[in-house]
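Quick notes on the structure that follows.
Every chain is numbered from 1 and lettered A, B, ... according to where its sequence line falls, protein lines coming before strand lines.
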Amino acid sequence: MRYSKFFLPTLKEVPAEAEVISHKLLLRAGMIRKLASGLYSYLPLGLRSLRKVEKIIREEMDRAGAQEVLLPMVQPSELWKESGRWERYGKELLRFEDRHGRASCLGPTHEEVITDIVRKEIRSYRDLPLNLYQIQTKFRDEIRPRFGLMRSREFLMKDAYSFDVDDDALEKTYQVMYKAYCRIFERCGLDFRPVEADTGSIGGHASHEFMVMADTGEDQIACCTSCDYAANVELAPVIQSSNHQITKSPNHQITKVSTPGKRSVEEVTEFLGVSADCLVKTLIVIADDRPVAALIRGDHELNDVKLMRLLGVEGLNFADDATVRSVTGAPVGFAGPVGLSEGLKVVADQDVSILKNFVTGANEPDAHFTGVNWGRDVSMPEFADIRVITEGDPCPRCKGKIELKRGIEVGHIFKLGTKYSEVLGATFLDADGKKQLAVMGCYGIGVGRTVAAAIEQNHDENGIIFPIPIAPFEVIISLINVKDTVMSKAAEDLYNGLMAQGVEVLLDDRKERPGVKFKDADLLGIPLRIVVGKRLEEKNEVEIRSRVTGETISVIKNEAVKKVVEILQ
RNA sequence: CGGGACGUGGCUCAGUCUGGUAGAGCACAGCGUUCGGGACGCUGGGGUCGGAGGUUCAAAUCCUCUCGUCCCGACCA
């Protein structure tokens, strides 16, 4: 491709709308443009990267035995009513009526449609296993689209759905897909980690997320420093701690102390001269519609996913000031377990069960209790693991140490089981002629997000540093002086020579000054840059520079093609 | 949806507090000089100041409403 003919509008300055680095660079490098909130157009350069990721995904899906299909984006409400998700999915499901008044939606995911196909076409265990995938646009009417391609409303997703005869067969399929996912992200040149994950609204038993490691990632991952355990912090179980400095001391008297205006854990502990792990904070949350008190050690954090699971509810929010006041009798910051009304559900984290002589709010303004003890001062609540795992906690698998890292979720695989085959009636006859439910799995990859994550992980102050497999071009030739016929000829020869070798190359033949060409080349993140400049007339040499290392080598013009092909291997 | 910020040539922003004839840099067009890390000079084109009401002799500026964008929380590839 010739740069002078290529539609590639780069930006010198960062558009005001972009906050995160991938978003800024995608815009600056002329890869995407925004149409409206959460809606982006891919420009030619962006599309090239997107297509490369797609190609890798297709190859690995096909290798894993999945077959490509293409399902409709517009879907009838009837199917969604059958699965129960028309009511349950919430406002992310964009619903509308067609001209005949038929309720429809834009597909945010395709379990319903695929299961409908399978239930109509699959009769026998001989037809299974079956694994179908598509790469298609999804629409989710996100409450808050953000970060450019990271969370857009319309986005390109690879989604696969597997159907097996039983759990064992699903397990095998799941493993095959797990490996395929690893290969995909390896081939994309990304530093990633599969982590155990929550199943969320899709449902099912087991799942893994594939996280591209990046400090700017939205997800926190608990990783073991000794074994290969890694899990989303939402899910990572906490091993109950068995010892605590306070457990050996004798019981103190419960004492009400005045703590005027001291609400936060820091304020109270500093005021009373105790450490945060000797304080029990009482969080009033609204679970679905019911207030619940959650007791957590002062230095720990509530894990709302764990609490939601424990309570069996779908929604969890912190109570507002008025609710806290009516439930505890005190403003926010002074709640405690002592003397809470009988009717209020109380759940305590397991790690507060061994505490003695702890500090809590006194359920009245500007007052706390010290020396609180279980049994004597407060009846034992329900104890459970409801906190977020933290750095230094023991690994749930090997008792090694946990460290926290950040990642971007680019893929997610689930064992769905019979959740959808049951409600939609996807059955087959087994070898004994008995009707059985198909056992399903589903597997998603955010294609655009993968490109964004790659940038988030690979960039510097000058721009993108694309991994070679997903770079929009492998090589850019910076022709320093287009008016110099010798240089131009050399650049053309290189350009044609590289293309003949199947190398994807962008020839910067614009009438621009060298500085402009260098800046743009860096911004676009093309892995190799060949400079055809003054070394050509001096020594008949061109320079090959690596975008990653900045390392530059000079080679004789006629050997450049060979050298480039060699480096790209 | 709750909380916060912002809408001024294509882009980045100043001007708004304290009302008085819309500015800069970049980009764009022309000419000249330059030419290995986003050049310089001269000339030129381009803006209903997001929109609608209102206050005023006078509104980018003050008031009301509205639309849009971004950031922080719940969702998720």
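For B/U61, there is no paired nucleotide, since no Watson-Crick or G-U wobble pair has both relevant distances below 3.5 Å. When both distances must be under 3.5 Å, the Watson-Crick or G-U wobble mate of B/U56 does not exist. Across all strands shown, B/U69 is found opposite B/A5 as a Watson-Crick or G-U wobble partner, with both distances under 3.5 Å. The pairing partner recorded for B/A24 is B/U12, the criterion being a Watson-Crick or G-U wobble arrangement whose two distances lie under 3.5 angstrom. B/C31: Watson-Crick or G-U partner is B/G41, with both key distances under 3.5 Å. The partner of B/C76 cannot be assigned: no Watson-Crick or G-U wobble pair with both contacts below 3.5 Å exists in any strand.
When distances are taken from the side chain of A/H412 to each of B/C75, B/C72, B/A77, the shortest belongs to B/A77. Closest contact between the side chain of A/P514 and the listed nucleotides B/C35, B/A27, B/C75 involves B/C35. Proximity note for A/I480 (side chain, C-beta onward) versus B/C75, B/G38, B/G36: the nearest is B/G36. When the nucleotides B/A74, B/G38, B/G36 are ranked by their closest atom to the side chain of A/K12, B/G38 comes out on top. Residue A/K519 has its side chain nearest to B/G38 when only B/G38, B/U12, B/C71 are considered.
Comparing B/G23 with B/G45, their P atoms are spaced 13 Å from each other, to the whole Å. To the nearest whole angstrom, the two C1' atoms, one in B/U61 and one in B/A22, are 12 Å apart. Comparing the same atom, P, in B/C63 and in B/G20 gives a spacing of 15 Å after rounding to whole Å. When the C1' atom is compared between B/G46 and B/G9, the two are found 6 Å apart, to the nearest whole Å. Comparing the C1' positions of B/A24 and B/G47 gives a spacing of 14 Å, expressed to the nearest Å. One P atom belongs to B/A27, the other to B/C42, and the distance between them is 15 Å to the nearest Å. B/A60 and B/A52: their C1' atoms are spaced 16 Å apart (whole Å). For B/G25 and B/G44, the P atoms lie 14 Å apart once the distance is rounded to whole Å.
Here B/U12 presents its C1' atom at 13 Å from NZ of A/K24, a figure rounded to the nearest Å. Computed from coordinates, the A/E142 CD to B/C75 P distance equals 11 Å when rounded to whole Å. Between A/N481 atom CG and B/A39 atom C1' the separation is 15 Å, expressed in whole Å. Rounded to an integer number of Å, the gap from A/F147 CZ to B/C75 C1' is 14 Å. Protein atom CD of A/E19 is 13 Å distant from nucleotide atom P of B/U12, rounded to whole Å. Following rounding to the nearest Å, A/R85 (CZ) and B/C75 (C1') show an atom-to-atom distance of 14 Å. With rounding to whole Å, A/D460 atom CG is found 18 Å from B/G37 atom P. What separates CG of A/L11 from P of B/C26 is a distance of 16 Å, to the nearest Å.
Under the 4.0 Å criterion applied to side-chain N and carboxylate O atoms, A/E59 and A/K55 are assigned as salt-bridge partners. Ion pairing of A/R529 with A/E543 is absent here, as no side-chain N (NZ or NE/NH1/NH2) approaches a carboxylate O to less than 4.0 Å. Using a 4.0 Å cut-off between charged side-chain N and carboxylate O, A/R547 and A/D460 make a salt bridge. For A/R58 and A/D62, the salt-bridge test fails: no basic side-chain N is under 4.0 Å from an acidic carboxylate O.
At a threshold of 4.0 angstrom between heavy atoms, the contacts of A/N462 with the nucleic acid are absent. Using a 4.0 Å heavy-atom cutoff across all strands shown, A/G446 reaches at least one base atom of the nucleic acid. A/K34 comes within contact range of the sugar-phosphate backbone alone, with a heavy-atom separation under 4.0 Å but no base atom that close. Within the 4.0 angstrom heavy-atom criterion, base atoms lie near A/V516. Backbone-only engagement by A/E17 is indicated by non-hydrogen atom pairs under 4.0 Å involving sugar-phosphate atoms exclusively. Base contact: A/E543 has a heavy atom under 4.0 Å from a base atom. Within 4.0 Å (heavy atoms only), A/T137 reaches no atom of the nucleic acid at all. Among the heavy atoms of the strands lying under 4.0 Å from A/P15 are primed sugar atoms or P, OP1, OP2 only; no base atom is included. Counting any heavy atom pair closer than 4.0 Å across all strands shown, A/V14 reaches sugar-phosphate atoms only and no base atom. Across all strands shown, A/A18 has no heavy atoms under 4.0 Å from either base or sugar-phosphate atoms. Contact annotation for A/D219: base contact, defined as any heavy-atom pair under 4.0 Å involving a base atom. Residue-level contact check: A/G533 touches the bases, meaning some heavy atom is under 4.0 Å from a base atom. At the heavy-atom level, A/D520 lies under 4.0 Å from base atoms of the strands shown. Within the nucleic acid shown, A/R545 comes within 4.0 Å of at least one base atom, counting heavy atoms only.
For the pair A/R193 and A/F210, the NZ or CZ position fails the cation-pi test of under 6.0 Å to the six-membered ring centre and within 45 degrees of the ring normal. Judged by a 6.0 Å distance limit and a 45° cone about the ring axis, A/R95 is not positioned over the six-membered ring of A/W80.
Of the side-chain N and O atoms in A/S37, none sit less than 4.0 angstrom from OP1 or OP2 of B/G68. Distances shorter than 4.0 Å separate some side-chain N or O of A/R513 from OP1 or OP2 on B/A39. The phosphate of B/C75 (OP1 or OP2) has no side-chain N or O of A/R144 nearer than 4.0 angstrom.
The base of B/C76 does not come close enough to the side chain of A/R140 for any donor and acceptor atom to sit less than 3.5 Å apart. Taking 3.5 Å as the limit, the base of B/C72 and the side chain of A/R146 contain no donor-acceptor pair of atoms between them. Under 3.5 Å, the side chain of A/R510 and the base of B/G38 form no donor-acceptor pair of N or O atoms.
Using bins of under 30°, 30° to 60° and over 60° for the plane-to-plane angle, the ring pair A/F414/A/H412 lands in the parallel bin.
With A/D349 contributing its side chain and A/R387 its backbone, the two residues share a donor-acceptor pair below 3.5 Å.
Taking the 5.5 Å centre cut-off and the 30° plane limit, the aromatic side chain of A/F518 is not classed as stacked on B/G38.
Comparing A/P145 and A/K517 against RNA chain B, the residue whose closest nucleotide sits nearer the 5' end is A/K517. Take the nearest nucleotide of RNA chain B for A/G148 and for A/G411: the residue whose nucleotide is more 5' is A/G148.
Note that CG of A/D304 is 10.5 Å distant from CD1 of A/I386, once rounded to the nearest 0.5 Å.
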- Test ring-ring contact (aromatic ring centres under 6.0 Å, His included) applied to A/H23 and A/Y40, step by step: CA-CA 11 Å; A/H23 190 194; A/Y40 289 89; 5.6 Å; yes
